[in-house]
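Structure, as structure tokens:
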Amino acid sequence: EIKIMEEGGIPPLLALLRYNSESFQRQGTITLRNLSVHDENKIKIVQEGGVPLLVSLLRSPDKLIQQHSCGILRNLSVHADNC
């Protein structure tokens, strides 16, 4: 999971969240939630502008997207550098 971040995988995953496709958003949030448990990934998600995207997805009509977005935000909030 750290390898994904090292290879530049966070920006393309965040790009999935911008698509007007619940399927893309669902896959992006699922993957980012798994990645967001690692401190290095938390920092990168925040640096790449992920927080505003995730906050906007809290209004998604898809409950799974809402849940995963909330989970990612929760994971991000428990890293001292992101507070």
Side-chain angles (χ1 to χ4, degrees):
E1 293 177 342
I2 300 298
K3 184 83 168 161
I4 292 171
M5 188 271 300
E6 291 172 352
E7 296 294 326
I10 301 293
L13 289 169
L14 290 171
L16 289 176
L17 306 184
R18 292 184 181 96
Y19 279 89
N20 191 20
S21 164
E22 288 182 358
S23 176
F24 284 3
Q25 292 172 348
R26 196 175 308 116
Q27 291 306 312
T29 55
I30 289 168
T31 305
L32 285 165
R33 186 169 185 181
N34 290 332
L35 294 174
S36 69
V37 299
H38 300 285
D39 285 344
E40 295 88 353
N41 293 335
K42 291 175 187 180
I43 294 167
K44 191 68 173 174
I45 291 168
V46 170
Q47 288 175 340
E48 293 294 331
V51 173
L53 289 169
L54 294 163
V55 169
S56 71
L57 290 176
L58 295 174
R59 293 184 212 101
S60 171
D62 185 301
K63 296 295 183 192
L64 189 60
I65 293 171
Q66 290 177 15
Q67 290 171 353
H68 287 297
S69 297
C70 188
I72 298 164
L73 290 167
R74 181 239 170 255
N75 288 345
L76 298 179
S77 73
V78 294
H79 190 278
D81 289 348
N82 293 336
C83 296

Between the CD1 atom in I10 and the CG atom in L35, the distance rounded to the nearest 0.5 Å is 5.0 Å

CD1 of I30 to CG of L16, rounded to nearest 0.5 Å, is 11.5 Å

Got L32 and L17 here, is their nearest side-chain heavy-atom distance under 4.5 Å?
yes

CG (L13) and CD1 (I45) are apart, to the nearest 0.5 Å, by 8.5 Å

Interatomic distance, CG@L14 vs CG@L54, rounded to 0.5 Å, equals 7.0 Å

T31 side chain to G28 main-chain N or O, any donor-acceptor pair under 3.5 Å? no

In terms of heavy-atom contacts, R33 and H68 come closest through CD-ND1, 3.2 Å

Closest non-hydrogen contact found for Q66 with R59 is NE2-C, 4.4 Å

Side chain to side chain contact (heavy atoms under 4.5 Å, CB included) with S69: of D62, V55, L53, L58, only one passes, and it is L58

In this structure, NZ of K42 is separated from CG of D39 (nearest 0.5 Å) by 4.5 Å

Query raised in the report: Can you check whether N20's main-chain N or O pairs, donor with acceptor, with Q25's side chain at less than 3.5 Å?
Result: no

Value for CG (N75) from SG (C70), rounded to nearest 0.5 Å, stands at 10.0 Å

